[in-house]
**Q** 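Sharing a structure here in structure tokens format.
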There are 2 protein chains.
Amino acid sequence: MPQSRPGPNLSRIATSLGVSVATVSNALSGKGRVSGQLIEKIREHAAELGYVPSQAGRALRTGRSGVLGLVLPDIANPLFPKIAQAIEFAASAAGYGVLIADSRGDAATQTEAINRLVERSVDGMIIIPRRATRISAAACPVAVIDTASTPGNTVAADHWQGGREIADHLTGLGHRRILIIGNNQESNVQNDRAGGIRSGMRPGMHAETLWIDRLEQAGGIGCPLGLAEKVRQGFTAFAALSDLQALRALTELQQAGINIPTDVSVTGFDDLIWSPVVTPSLTTMRMDMDRIAEIAVSALTDAIKTRVTREGMLVTAETGRVAMQLIVRQSSGPCGPGTKNLRDGEHVG
Amino acid sequence: MPQSRPGPNLSRIATSLGVSVATVSNALSGKGRVSGQLIEKIREHAAELGYVPSQAGRALRTGRSGVLGLVLPDIANPLFPKIAQAIEFAASAAGYGVLIADSRGDAATQTEAINRLVERSVDGMIIIPRRATRISAAACPVAVIDTASTPGNTVAADHWQGGREIADHLTGLGHRRILIIGNNQESNVQNDRAGGIRSGMRPGMHAETLWIDRLEQAGGIGCPLGLAEKVRQGFTAFAALSDLQALRALTELQQAGINIPTDVSVTGFDDLIWSPVVTPSLTTMRMDMDRIAEIAVSALTDAIKTRVTREGMLVTAETGRVAMQLIVRQSSGPCGPGTKNLRDGEHVG
DNA sequence: GCGCTCTGATTAATCGTTTAAGCAAAGCCT
DNA sequence: AGGCTTTGCTTAAACGATTAATCAGAGCGC
């Protein structure tokens, strides 16, 4: 027994008005040749019957499902709410639904997750890769959101520029010795952010990078970063490559009795949910996720419309980098005398 | 021009083996009457051709899309990554895809988001409501994940028990004056958690609740909570109803020079991503989101299979509450002499 | 008047799958 | 041997939309 959906379909509208289904279809889509008044009448009738087209029927005929896949190999990413929200909004504005797929952090199951999406015949995919995983060619157009230096990247925040602005902000406050705190050296995003920060160093300044995952391989997850020692070595600013690491630095420094921002400054990236409400609130770089999502989705829908896309084509966008915005809050301040009593004195920068 | 999908379909397999499509369909689904050896042969051939069934064709015929909708009116919820991951995992194990819908926090557009899902003919929906929004009947089975006291709730963590365990933990450590920190008084979840904590109070103990959103209506977003004053009033434990509020309390107390856990204890809920890595790491209650998702999805798929579900039926599960687990970390400790020097002395519990 | 175009509709095929119904052959019982 | 069930497969009809092809009629120029 073929289950018929509750709502009305094209043929019900057609028989009800005494016309053919083709005419109804044409009237609603505005494609064929239908007289103006008949179009009017059909649309009116369809509206009052509460007609909603069956995506299944349409998909079967056109070969398009009207659904985009969102692949997040690192779904535990705290940015996920913002990403998902932005993509869903942009996609639904373009008439698409969003199907999520997750590989639970395991890189091996990433292809499996992609396959699940292909089986559901998504029209395109947006992939936010973890680390530098090569995206194997899939059976549909693919947009990649990572960072400009990732090969095949479609659109992303300008992480390099973001790093540069953080550096300019800190140097403008008088800081000369900056500790960059990252999580993982293999992350293209974190590398670009760190590169941007280093590009802002002026002569006589010093930047050093601390990679947390290396530390944790020895000390275990959640181990101390030894930041108090770094303060004693003369570092006055701690530029984390993500707000998660900034938060970690902030609490560790506070626990060691170091005051922020009077003693040292702490900055982050991404403007995550806790950043405005911790004490002191975090100075950070915000990415315009809405705009990035919009660009990615429109690049994807363009590729879907013009069917020139060969299988597994990575789509490109005219705008590949979206500027990040500096959000100055309480955790960064002038490099003043407050730090003096904590320093050994030999590093004066 | 009807676009044919790249892969093979049933009829290609059928002609290639000289049988009918019906037989192929039956062989693959194991439904009709097909001889054992022919089943073997067909499945083998299908596998080597890399056959994947068209969801569109199947959906059209069966009236089922094989997709569940996930509605999160409060998508900014920091729990979202865990929720989405758990639901996606449970759904894909049951052979379903997950379509997300978001109402951007706006309660008015919640119905619109639900409608988008209905248009894409999802077979069922999982709704995680914000506040106490009544779920209006939709055109498919609906599972609600909130808390036991929400009418129509399908399955949820046992927030009351979680609160009770936090209370027992803190009283066991000798705390007698506990400040409960919540965000919003209208949240069923937060109310249940607070209720659980209060239920654990023994004679002579005192619990008070601080609602942040009320404070912020006057003081603005991110305003101080005045916790140092509370410490002076004799509170030795701060039990936040979410790790986000716990983090806020933790940093504010640290900034005021109050040491955790030697001076006061701080606990949270949900075991969010930062909880293990801040200093001191957060004692918190973890919910078994995987199990909750599994129960919700199986309740939903059961309702879908047995089509007795009238439109808009809220499904129920045999197990409505899933126990929470106490995670003891560094932010809670004995109510000892460390607090003495900060207290006025009149409240000794 | 004849042929031409243009308009406004219909007819029918098609996408890929599921499934009820039909049918031939074989096996079994009395 | 005749009637019965069982087995193993095929036929065909859907599901709901899109769209190429067709067709009837009107308008019009020469």
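The shown structure was predicted, so the numbers you read here are calculated from the model rather than taken from an experiment. Residue numbering restarts at 1 for every chain, and letters A, B, ... go by the order of the sequence lines.
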**Q** Measure NZ/A:K41 against C1'/C:dG8 and give the value in whole Å, please.
**A** 13 Å
**Q** Please report the closest heavy-atom contact between B:N188 and B:T150, naming both atoms and the distance.
**A** ND2-OG1, 2.9 Å
**Q** Is the number of heavy atoms from other residues, nucleotides or ligands under 6.0 Å of B:R43 CZ greater than 12?
**A** yes
**Q** In whole angstrom, what separates A:E119's CD from C:dG16's P?
**A** 16 Å
**Q** Taking 4.0 Å as the cut-off, does a side-chain nitrogen or oxygen of B:S54 come that near to OP1 or OP2 on C:dG16?
**A** no
**Q** Between B:G57 and B:L38, which is nearer to the 5' end of DNA chain D once each is assigned its nearest nucleotide?
**A** B:L38
**Q** Separation of A:N26 atom CG from D:dT19 atom P, in whole Å?
**A** 9 Å
**Q** To the nearest angstrom, how far is A:L10 atom CG from C:dT10 atom P?
**A** 13 Å
**Q** Could you tell me the separation between the CZ atom of A:R33 and the P atom of D:dC23, rounded to a whole number of Å?
**A** 14 Å
**Q** Can you check the A:L28 CG to D:dA17 C1' distance for me, whole Å?
**A** 11 Å
**Q** Roughly, in whole Å, what's the span from CZ in B:R61 to P in D:dA13?
**A** 13 Å
**Q** Need one value for B:S35: base, sugar-phosphate or nothing, where a base atom within 4.0 Å counts as base even if backbone is also close, heavy atoms only.
**A** sugar-phosphate
**Q** Can you tell me how far P of C:dG16 sits from CD of B:Q55, to the nearest Å?
**A** 14 Å
**Q** Under the side-chain contact (heavy atoms from CB on, under 4.5 Å) criterion, do B:L28 and B:Y51 qualify, and how do the steps go?
**A** CA-CA 11 Å; B:L28 293 177; B:Y51 167 74; 3.7 Å; yes
**Q** Do other residues, nucleotides or ligands put more than 12 heavy atoms under 6.0 Å from the CD atom of A:E48?
**A** yes
**Q** Taking only the side-chain nitrogens and oxygens of B:K31, find out if one of them lies under 4.0 Å from OP1 or OP2 of C:dT18.
**A** no
**Q** Quick one: on DNA chain D, does A:R58 or B:T23 contact a more 5' nucleotide (nearest heavy atom)?
**A** B:T23
**Q** Measure from the side-chain heavy atoms of B:A22 and tell me the nearest of D:dA12, C:dG16, C:dT11.
**A** D:dA12
**Q** Please give me the minimum heavy-atom distance between A:I145 and A:N153, naming the atom from each residue.
**A** C-OD1, 3.7 Å
